[in-house]
Each structure stands twice: as structure tokens, then as C-alpha cells.
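Per chain, numbering begins at 1; letters A, B, ... match sequence-line order.
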Amino acid sequence: MTYEAVRGMRDILPEEVGCWTLVEERVRDVARLYNYREIRPPIVEHTELFSRGIGEATDIVGKEMFTFPDKKGRSLTLRPEATASVVRAYLEHGLHVKEPFQKLFYLGPMFRYEKPQKGRSRQFHQYGVEAIGSLDSSLDVEVIEVAWTLMDSLGLGGLSLRLNSIGCAQDHGRYREVLRAHFADRITSMCPDCQRRHKENPLRILDCKDARCQEAIAAAPGSVDHLCEECARHFAEVRRLLEHASLSYRIDGRLVRGLDYYTRTVFELVSQDLGAQDALLGGGRYDDLVAKLGGPPTPGVGFAGGMDRLILVLAERANAPCADERLNLFLVALGEKGRAFALDLTRALRREGVSVDLDYRGRPLRKQIAYADSIGARLLLVLGENEIESAKGRLKEMDSGVEEDVALTPAAIADAISRRREEWNSSSSQSKSPRT
RNA sequence: GGGAGCGUGGCGCAACUGGCUAGCGCACUGGGUUGUGGUCCCAGGGGUUGCGGGUUCGAGCCCCGUCGCUCCUCCCA
């Protein structure tokens with residue numbers, strides 16, 4: 001093997017693409033259902049957008065970005081997430097002036113320089129929604145509902161929602177001190193990482209999984225108990241509305257997300273099927289981000305989900321829904337005459353919107369048919385002297401073996417196929433797929 | 001970033017304590033006298049054993065390095 005893909009980047013081959021397009025379609029359908037509109041920011045941004053937006057002190061900015069200089073020496077970065085880009089676009093194009101309240105969604109590749117493992121590659125794909133311009137608790141709940149609805153539409157049950165509120169910027173400062181005080185007298189018996197975190201950002205201690213630290217963490221006060229009056233009220237309302245909508249959740253006082261811009265509501269949807277990389281999607285409020293990036297004080301809330309992980313989970317469950325587009329018709333050409341006839345017929349049928357293919361390698365009849373079968377063609381039509389002379393052929397259904405006479409005109413064949421389309425569409429996603 | 005394991009044709013695997021031209025299944029190609037597939041039979045192509053060094057009479061097997069993958073940790077999607 002002479003070349004291989006760059007570490008942490010992988011090919012999505014034709015066999016898998018069906019699952020991807022299906023998930024993408026569902027994301028778009030659900031987003032539209034809730035009136036979120038698609039936005040497509042570029043993949044490369046000025047490095048500063050992320051270091052400002054996501055936070056200098058975060059792991060993402062500190063050590064996980066694909067950053068490089070352009071030809072004029074400006075520092076550019078492959079986006080590690082999309083929220084900062086969406087907010088940048090929101091401000092750059094004056095959306096905040098035209099209509100400050102915007103509901104947007106996106107879909108696409110993100111890049112983080114991490115050690116690759118299952119469910120975590122350096123180029124990965126996220127979908128996400130952002131609702132910018134309102135502090136209303138019902139919007140937090142709507143965003144969470146979008147996530148649940150999407151999972152439902154993919155037939156994914158058995159997921160759980162972890163929920164927390166980390167309060168506003170002022171609350172963060174106070175809570176940090178509360179934690180620092182809590183851990184102060186036992187920090188010496190905790191892991192080295194936590195001793196560092198204790199100084200830098202005690203919030204991160206809550207994320208630690210080291211056995212030595214668990215006791216102290218379990219006894220730590222939750223952020224929920226240290227919210228200011230307004231944040232507490234906001235969170236209570238979020239919870240009330242979630243319950244009202246019958247969306248179950250579990251309060252997790254240890255849930256602190258890795259991006260600095262989060263405020264108030266934070267949440268994660270986790271799956272048991274994913275091992276260490278169990279977060280299927282996560283999000284929350286970012287009420288200070290727009291202002292931090294130079295805009296007017298504007299609240300926002302959103303989430304991002306990992307498509308790669310989602311597809312991994314779908315694949316592990318039985319009957320994963322995958323788009324399965326099968327070729328309508330394969331023409332088997334016999335001899336010179338048959339070949340010429342088949343080429344013309346192919347062109348005519350394609351103009352009629354019928355997907356058709358034929359042999360390009362001069363293979364014998366038997367192999368042509370075997371090939372048609374292996375690529376999952378729905379119908380087969382043999383074109384030899386007999387057919388051309390009589391202007392009649394036999395259309396064979398590959399799955400059942402049933403044959404039907406047809407006139408060899410594009411219109412007649414296209415008609416015979418369109419009669420079957422409905423039946424194909426209703427059974428396509430579960431029926432036998434090609435190459436299995 | 002730290003820890004552990006693993007790299008043999010496209011895929012899945014085999015090769016006794018280092019010992020003959022590195023095998024098998026699937027897939028692929030051709031054929032079983034150019035008119036019907038998914039079964040069967042025959043034949044065939046394809047690997048400098050991830051890469052680079054070393055030890056040895058001899059290395060797919062041992063040692064070192066390197067690259068990659070997997071899992072845990074970390075982080076998150």
C-alpha cells in the first residue's frame with residue numbers, strides 16, 4: 001500500500017453512505033419541523049474566533065486545533081465546532097439587526113487533533129441547532145426536544161438525558177470558590193491532575209474519574225445549589241417545562257461542559273452502546289458568547305451531535321435504517337446489434353428518469369446477469385437478435401424471478417417501471433440490499 | 001498527553017518451541033460450447049508478512065525503532 005489516509009481521517013465508502021444520507025435527511029427534516037434554517041459556514045476560520053469564542057483555557061483551543069498559517073502568515077484553523085462560526089455569521093451578515101431572533105442548524109465536518117479511537121476521529125461530523133436571541137426557558141426545552149425527536153425518528157431508544165445548570169458568569173466565579181473551599185482540606189490525597197485543576201479551574205475536578213477523587217467529588221456541592229436567584233428560577237422553569245412535555249431527564253450536578261462559553265442550562269444525551277465515548281450529543285446556553293464575539297448582548301442556546309457516533313450506535317442495533325437506492329434496470333446486451341440497441345435504449349430511458357446501466361466490459365451473458373444481481377438491480381432485460389427483431393422483450397424481476405412482456409420502446413419500459421415504483425419505495429429500506 | 005494490546009493478499013483468518021516455493025475461506029477473473037443470476041464444479045490472478053534496522057546458518061514468529069489500528073485513561077461529539 002503506497003498511500004494511506006491521514007491519521008484520524010477516514011473514508012466513508014459507498015456501502016456506508018446510505019446510512020449517512022439517511023441521517024442527514026432526518027436531521028434536515030426534524031430541523032425544518034421546528035423551523036430551524038440551514039446555514040453552511042466555511043470549514044476554515046481565523047484562529048482567533050475559536051480562541052476567543054471557545055476559551056483559551058479549554059482543551060480544544062489549548063491542544064486540539066488544526067492550526068496553520070496561510071500564505072500571508074495569518075493564523076487559520078479548521079473548525080473544531082460550529083457554534084462560534086454560526087455566531088460569527090450571525091453578526092457578520094447583520095442578522096442580529098435584520099431579525100435578532102434566529103433559529104439555525106448546520107451539518108458538516110469538524111476537526112480536532114486528538115488521539116483517535118472508536119467514536120473519536122480527527123475529522124468527525126456534527127449536526128447541530130442554534131437558537132439565538134431569546135432567554136426564554138421554553139427555548140431551552142425546544143432545543144432538547146429537537147434532539148429527542150431526531151433520536152426518535154431514527155428509532156433510537158434507551159438514551160438518557162443528563163441535565164444541569166451551571167449558572168451565569170457571576171455564578172461561575174462564586175461556585176468556583178465554593179468548590180475550591182470544599183476540596184481544600186482533602187486535595188493532597190487526590191490525583192495530581194486534580195491538584196492542578198484545583199488551582200486552575202476547580203470545575204474540571206467534577207469530571208475526574210480517578211478512584212482517589214471520587215469520594216470528595218461525591219460530597220461536593222452541586223452547581224445547582226449555588227445559582228443566583230434569576231438563574232435558579234430559569235432552571236426551575238426549564239425543569240417544569242421538560243416534565244410538562246414528558247421529557248425525562250436526570251440532574252447531574254457534575255455535568256460541566258468543556259467549552260467556556262456555556263452558561264445556565266447544559267445537557268448531554270448519552271448512549272450505553274458507546275463505551276468511553278458515550279456522549280451522543282451535548283449542548284446548552286451560551287448567553288455571553290455573542291457579546292464576547294463583538295455583538296450586542298444576546299443570549300443563545302443550542303446543541304451539537306456527533307454523526308459518526310450516531311451511525312455507530314445505529315449500526316449496532318438491528319435493522320438500522322439506511323437509505324438503499326437500487327438500480328431500476330440492467331440491460332443485458334448480446335452481440336454487436338444488441339449492444340448498439342442497448343446503448344441507445346439506455347440513453348433514452350435515462351432521459352425518462354429511469355436509472356439504467358449495462359455491461360462495459362464485454363462480458364458473457366451469464367456474467368452480465370450475475371453482475372446485475374450483485375449490484376442489486378431491480379429488473380433485468382436481455383437484448384439480443386430475437387428481441388430486437390420482434391421489438392418485444394421480457395422484463396424480469398430479479399428478486400422474484402417473475403417475467404413480464406414489454407414492448408421495446410422507452411415509453412413502454414419507463415411506464416412498466418413507474419408502475420412498480422410505489423411498491424419499491426414502500427419496501428426498499430428493509431428489503432435485501434445489494435452486496436450482502 | 002499517560003497505560004495496554006495488535007498489524008499476514010481487498011476482507012476474515014492459519015502457519016508446531018524461529019526451519020522447505022507463506023496456506024485457507026470470502027471476494028475477484030475466466031471456463032463448464034454467446035439466451036438467463038443468487039447453488040455447484042474446474043482453472044486463474046493477487047502478499048518483498050505495515051515500514052526500517054538488528055540477532056541468527058535461517059525471522060511472519062525474537063529484539064529495537066517507527067507508522068498505524070483497537071481498548072482504557074483523558075477529553076468530548
So what does [X] hit on the nucleic acid, given a heavy-atom distance under 4.0 Å: a base, only sugar-phosphate, or nothing?
X       : answer
G8(A)   : sugar-phosphate
G335(A) : nothing
A304(A) : sugar-phosphate
E81(A)  : nothing
G128(A) : nothing
L259(A) : sugar-phosphate

Contact list (N/O, under 3.5 angstrom) for nucleotides 1-8 of chain B vs protein:
from: rG2(B); atom 1: N7; to: K115(A); atom 2: NZ; distance (Å): 3.4
from: rG2(B); atom 1: O6; to: K115(A); atom 2: NZ; distance (Å): 3.0

Watson-Crick/G-U partner (both atom distances under 3.5 Å) of [N]:
N       : answer
rU49(B) : none
rG12(B) : rC24(B)
rG37(B) : none
rU56(B) : none
rC69(B) : rG5(B)
rG18(B) : none

Do the side-chain N and O atoms of [X] and [Y] include a donor-acceptor pair separated by under 3.5 angstrom?
X       : Y       : answer
E397(A) : S400(A) : yes
S85(A)  : Y106(A) : no
E130(A) : T83(A)  : yes
T265(A) : D140(A) : yes
R421(A) : N328(A) : yes

Between [N] atom [atom2] and [X] atom [atom1], what is the distance in whole Å?
X       : N       : atom1 : atom2 : answer
M9(A)   : rG68(B) : CE    : P     : 12 Å
E114(A) : rU73(B) : CD    : P     : 14 Å
L255(A) : rC75(B) : CG    : C1'   : 14 Å
D11(A)  : rG68(B) : CG    : C1'   : 15 Å
L379(A) : rG37(B) : CG    : C1'   : 14 Å
F124(A) : rC76(B) : CZ    : C1'   : 8 Å
R309(A) : rC76(B) : CZ    : P     : 11 Å
I60(A)  : rC74(B) : CD1   : P     : 17 Å

Side-chain contact test, heavy atoms from C-beta onward, threshold under 4.5 Å: evaluate it for E403(A) versus L395(A) and give yes or no.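 They are not in side-chain contact.
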Side chains of V256(A) and I166(A): closer than 4.5 Å at any heavy-atom pair?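 Yes, their side chains come closer than 4.5 Å.
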Give me the distance, rounded to whole Å, that separates [N] from [M] when you measure between the [atom1] atoms they each carry.
N       : M       : atom1 : answer
rU70(B) : rG9(B)  : C1'   : 22 Å
rC42(B) : rG50(B) : C1'   : 36 Å
rA15(B) : rU33(B) : P     : 41 Å
rU39(B) : rG23(B) : C1'   : 26 Å
rG25(B) : rC67(B) : C1'   : 30 Å
rC28(B) : rC75(B) : P     : 47 Å
rA59(B) : rG54(B) : P     : 12 Å
rC69(B) : rG31(B) : C1'   : 40 Å

What one-letter contact string describes nucleotides 30-36 of chain B from 5' to 3', where B marks a base within less than 4.0 Å of any protein heavy atom, S marks contact via sugar-phosphate atoms alone, and - marks no contact? SBB--BB
Between Y262(A) and Y286(A), is the gap from one ring center to the other below 6.0 Å?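 Between Y286(A) and Y262(A), which both carry aromatic rings, the centre distance is not below 6.0 Å.
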Taking RNA chain B as the partner, which of residues 33-59 of chain A come within under 4.0 angstrom of it by heavy atom?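 By residue number: D59(A).
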Got a sec, which residues hit side chain to side chain donor-acceptor pair (under 3.5 Å) with [X], two or more places apart in sequence or on another chain?
X       : result
Y127(A) : none
R339(A) : none
T409(A) : none
Y90(A)  : none

Contacts of F330(A) that satisfy ring-ring contact (aromatic ring centres under 6.0 Å, His included) - sequence neighbours left out: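 Counting only residues at least two positions away or on another chain, F330(A) forms a ring-ring contact (aromatic ring centres under 6.0 Å, His included) with Y371(A).
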For rC69(B), take OP1 and OP2 only and decide whether either is under 4.0 Å from a side-chain N or O of R7(A).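 So the side chain of R7(A) is within the cut-off, an N or O lying under 4.0 Å from OP1 or OP2 of rC69(B).
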Please enumerate all protein N or O atoms sitting under 3.5 Å from an N or O of nucleotides 47-49 of chain B, with distances to 0.1 Å.
none

What pairs meet the salt bridge (charged side-chain N to carboxylate O under 4.0 Å, His left out) rule with one or both residues in [range], with sequence neighbours excluded?
range                       : value
residues 357-370 of chain A : R350(A)-D357(A)
residues 102-117 of chain A : K103(A)-E142(A), E114(A)-R120(A)
residues 150-169 of chain A : R162(A)-D252(A), R162(A)-E268(A)

Can you list the steps and then say if E45(A) with R88(A) is a salt bridge (charged side-chain N to carboxylate O under 4.0 Å, His left out)? CA-CA 10 Å; E45(A) 298 271 6; R88(A) 196 219 78 238; 2.4 Å; yes
On RNA chain B, does the nearest nucleotide to S400(A) precede the nearest nucleotide to V6(A) from the 5' side, or the other way round? Give the residue.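 Result of the comparison: S400(A).
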